[in-house]
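For clarity, every value in this text was computed on a predicted model and none was experimentally measured. Convention: sequence-line order gives letters A, B, ...; per-chain numbering from 1.
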There are 2 protein chains.
Amino acid sequence: MPSPEAITAWARLMRVSRQLVESAEDALKAGGLPPLAWYDVLHELAEAGEGGLRPFQLIERTLFAQYNISRLLARLEADGLVEKLPVADDGRGQTIRITARGREMRRQMWAVYGRSITELVGAKLSADELNMVSALLGRLRHPPVVD
Amino acid sequence: MPSPEAITAWARLMRVSRQLVESAEDALKAGGLPPLAWYDVLHELAEAGEGGLRPFQLIERTLFAQYNISRLLARLEADGLVEKLPVADDGRGQTIRITARGREMRRQMWAVYGRSITELVGAKLSADELNMVSALLGRLRHPPVVD
DNA sequence: TCAAGCTTGATGCAATTGCATCTATCGCCT
DNA sequence: AGGCGATAGATGCAATTGCATCAAGCTTGA
């Protein structure tokens, strides 16, 4: 049913993304570091600053499932990388804040992860081509990027 | 360390691919069909024809881990979608061949999967743009596509 | 005010994944 | 022929994921 062009693009997207994720995960593992998912969360929390984020905000930003975030945060807390604070005006909720150790971990992970990105993507395409990829993929996103 | 362009392209690739996979998986689930991984294997086996494929060939083609293929094939066999045949000249190995039921399942899955591809990708970009995506992503693949 | 329904986050249980290792067979080299 | 490393595939066990559901607190509307 889909056009041949759509099928090829889809297939390539599936294959390349799997391959890139795997390479990046391997690099982290080789460095004795936690998986990518941890980076995603630590990154969002680092951007959020001292105010921290509510778990449901992390879900929106990272696309992880609710139960996934719930348990990932439990592991991060057990490792002292984040802390859970009660929320004043909502007794159900909590605010997640990155700790100093969490920032340090993120820094270490970025050293490896950033290198992977450079090797796997930055070194393969020119800046113009990278922008083209971003623009085209942006239109596949939901909601589409308008830039 | 990576350029801003590389980071954006990487981030978008990660996000979009996760989103697309999730959408396609949801569509299959909603249709009471097995997950995408099953399709990938059935697709390769259908292409391979009566000769079938060895498990290690499936690993090369699909990028799944060895233990993953091993167990996925066990499930597919349990469902009668593939059959395992001994190999004449290699006592360790087996040949996997898709059954009639397997072909039928693949057909059903494609009805749903193909529609997802059309909606998620085919309807969002022109044929030229799709070809551009394929070409750019092809250069990120390992080994790179030369087309 | 308070019941009904919604939102937030956690969790029991089953299925899947990942890791390490195992068995069996093969191919090669002496 | 016999031994030895390499290859093919399976599997025990721990960790993670997915699904369904739960408990607690919030919000709204009569």
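Nearest approach of A/Ala24 to A/Leu36, heavy atoms of both residues: CB-CD1, 4.2 Å. Considering every non-hydrogen atom in both B/Leu42 and B/Leu76, the closest pair reads CD2-CD2, 4.4 Å. Across every non-hydrogen atom of A/Leu73 and A/Val41, the tightest pair is CD2-CG1, 4.2 Å. Of all heavy-atom pairs between B/Ile96 and B/Leu45, the closest is O-CD2, 3.5 Å.
Residues passing the salt bridge (Lys or Arg N to Asp or Glu O under 4.0 Å) test with B/Arg141, sequence neighbours excluded: none. By the side-chain hydrogen bond (donor to acceptor under 3.5 Å, both in side chains) test, B/Arg18 is found to be paired with A/Asp40, residues two or more places apart in sequence or in another chain being considered. With sequence neighbours excluded, the residues forming a salt bridge (Lys or Arg N to Asp or Glu O under 4.0 Å) with A/Asp90 are A/Arg54, A/Arg92, listed by chain and number. The ring pair (Phe, Tyr, Trp, His ring centres under 6.0 Å) test applied to A/Phe64 returns no partner, not counting sequence neighbours.
Sorted by first and then second residue, the ring pair (Phe, Tyr, Trp, His ring centres under 6.0 Å) pairs with a member in residues 67-88 of chain A form an empty list; sequence neighbours excluded. Residues in residues 33-56 of chain A take part in these ring pair (Phe, Tyr, Trp, His ring centres under 6.0 Å) pairs, two or more places apart or across chains: A/Tyr39-A/His43, A/Tyr39-A/Trp110, A/Tyr39-A/Tyr113. Residue pairs meeting the salt bridge (charged side-chain N to carboxylate O under 4.0 Å, His left out) criterion with at least one member in residues 101-113 of chain B, sequence neighbours excluded: B/Glu50-B/Arg103, B/Glu104-B/Arg107.
Near DNA chain C, meaning a heavy atom under 4.0 Å away, the residues from residues 25-47 of chain A are A/Lys29. A heavy atom closer than 4.0 Å to some atom of DNA chain C occurs in B/Tyr67, B/Asn68, B/Arg71, B/Arg75, these being the qualifying members of residues 58-79 of chain B. Contacts between residues 85-99 of chain A and DNA chain C, defined by a heavy-atom separation below 4.0 Å, involve A/Arg92, A/Gly93, A/Gln94, listed by number.
Within a 6.0 Å sphere centred on CE of A/Met132, other residues, nucleotides and ligands contribute 12 heavy atoms or fewer.
From A/Thr118, atom OG1 reaches atom CZ of A/Arg115 across 8.5 Å, with rounding to the nearest 0.5 Å. We find the CG-CG distance between B/Leu125 and B/Leu130 to be 5.0 Å, quoted to the nearest 0.5 Å.
A salt bridge between A/Glu119 and A/Lys124 is absent, with no side-chain N of the basic residue lying under 4.0 Å from a carboxylate O of the acidic one.
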Let me check I have this right: for DNA chain D, each base becomes ., (, ), [, ] or |, based on Watson-Crick or G-U pairs with both distances under 3.5 Å. What is the full string? ||||||||||||||||||||||||||||||

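The outermost nucleotides of DNA chain C lying under 4.0 Å from heavy atoms of chain A, listed 5' to 3', are C/dT7 to C/dC19.
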